[in-house]
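Structure record follows, encoded as structure tokens.
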Amino acid sequence: MLEELKEEVFQANLELQKKNLVIYTWGNVSAIDREKKLVAIKPSGVEYNRMVPSDIVILDMEGNVVEGNLKPSSDAPTHLELYKAFENIGGVCHTHSRWATIFSQAKEEIPPYGTTHADYFFGPVPCTRDLTSAEIQSGYEKNTGKVIVERFCTKDPMKIPAVLVSNHGPFTWGKNAHDSVYHSVVLEEVAFMAWVLETGSPSVPHMPEQLLKKHFLRKHGENAYYGQM
């Protein structure tokens, strides 16, 4: 079932390790088949160098295992909440990458300081609020997804395909599994640059709004002209 989607998710998960975004079993990637309303996701606690495509677990939108002999990632309920709320995304990635996680633990957004950021994120990468005690005690992973969705109530998730979960780490998304990992790689780089910049120049201003718009829209706007046709 969904062999191509499982292969896509398998390869995307391996890419996390290749790009040095994960240690041991930290992190997971999923993808959705919108027509069938099924999600493929990494199994929980399985090391990347031991994983094979058949280990990828298929879930329905309520989190029930449709296919697979292993338990799905413990973050699966978070992924499902994002798929339900962000109808245009096709893949979700979660890591504990060092620099993005530092911002998450500091409970700070990542400001747009330069064009590297603006090429992918149309404004600051936001951080969620803290979960309440009740949200932690019951339905923790599902509620993690809900606070992400809450944080985007006035934002377009396709223009800012990333979030920092307070005290936890980053989630990114995109049109497919590969795209979600790509955004995790970019997020880690801009987080590193922002942290070093703020350390050396605490009062540095954000980039000009006009430059932010120019760089984002030349790649992602209706009249985008970056790259080949």
Under a single-linkage definition using a 4.5 Å side-chain heavy-atom cutoff for Ile, Leu, Val, Met, Phe, Trp and Tyr, are V186 and V22 assigned to the same hydrophobic cluster?
no
Evaluate whether atom [atom1] of [X] has more than 12 neighbouring non-hydrogen atoms of other residues, nucleotides or ligands under 6.0 angstrom away.
X    : atom1 : answer
E150 : CD    : yes
N64  : CG    : yes
R98  : CZ    : no
K213 : NZ    : no
H178 : NE2   : no

Is a side-chain donor or acceptor of [X] paired with a backbone partner of [Y] at a separation under 3.5 angstrom?
X    : Y    : value
D33  : K36  : yes
W173 : Y83  : no
N143 : S138 : yes
H206 : Y113 : no
E135 : T132 : yes
E188 : A100 : yes
D55  : M51  : no
N13  : V29  : yes
D75  : T78  : no
R151 : C127 : yes

Non-hydrogen side-chain atoms of [X] and [Y] separated by less than 4.5 Å:
X    : Y    : value
S97  : P170 : yes
H220 : D119 : no
L80  : V39  : yes

Looking at every non-hydrogen atom in both residues, tell me the closest pair between [X] and [Y] and how far apart they are.
X    : Y    : result
P53  : E7   : CG-OE1, 3.3 Å
A194 : I110 : CB-CG2, 4.0 Å
S74  : E141 : O-CG, 3.0 Å

Strictly by modelled atom types, are T172 and S184 linked by a side-chain donor-acceptor pair under 3.5 Å?
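Present: a donor and an acceptor within the cut-off.
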Output, in order, the C-alpha distance, side-chain angles, deciding distance and verdict of side chain to side chain contact (heavy atoms under 4.5 Å, CB included) for E15 and K18.
CA-CA 5 Å; E15 188 71 8; K18 292 176 184 176; 3.6 Å; yes
Using the side-chain contact (heavy atoms from CB on, under 4.5 Å) definition, which of the options E108, H183, H117 pairs with V125?
H117
Start with the C-alpha distance between M193 and T116, add both sets of side-chain angles, then the distance that settles side chain to side chain contact (heavy atoms under 4.5 Å, CB included), and finish with yes or no.
CA-CA 10 Å; M193 290 190 289; T116 307; 3.7 Å; yes
Is the F121-F216 ring centre distance short of 6.0 angstrom?
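Here the rings of F216 and F121 have centres that are no less than 6.0 Å from each other.
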Taking only Lys NZ, Arg NE, NH1 and NH2, and the carboxylate oxygens of Asp or Glu, determine whether E67 and K6 approach each other closer than 4.0 Å.
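K6 and E67: salt-bridged.
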Closer than 4.0 angstrom, basic N to acidic O: yes or no for E87 and R34?
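Result for this pair is no, no salt bridge flagged.
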List, by chain and number, the other hydrophobic cluster members for W26, where Ile, Leu, Val, Met, Phe, Trp and Tyr join if side-chain heavy atoms come within less than 4.5 Å, directly or indirectly.
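Members besides W26, by chain and number: I23, Y24.
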Apply the test side-chain hydrogen bond (donor to acceptor under 3.5 Å, both in side chains) to residues H79 and N28: give CA-CA distance (whole Å), side-chain angles for both, the deciding distance (0.1 Å), then the verdict.
CA-CA 10 Å; H79 289 235; N28 42 75; 2.7 Å; yes
Using the ring of each side chain (for Trp, its six-membered ring), is W195 parallel, tilted or perpendicular to F103, with breaks at 30° and 60°?
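Because their plane-to-plane angle is over 60°, the rings of W195 and F103 count as perpendicular.
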Within 45 degrees of the axis of the six-membered ring of Y225 and under 6.0 Å from its centre: does K219 put its NZ or CZ there?
no
When you look at H96 and H168, which way does the ring-ring contact (aromatic ring centres under 6.0 Å, His included) test go after all the steps?
CA-CA 8 Å; H96 289 255; H168 189 166; 5.2 Å; yes
Distance (rounded to the nearest 0.5 Å) between I32 CD1 and I41 CD1
11.0 Å
Decide side-chain hydrogen bond (donor to acceptor under 3.5 Å, both in side chains) for S73 and S44; before the verdict, give the C-alpha distance in whole Å, the side-chain angles of both, and the deciding distance to 0.1 Å.
CA-CA 4 Å; S73 167; S44 179; 6.0 Å; no
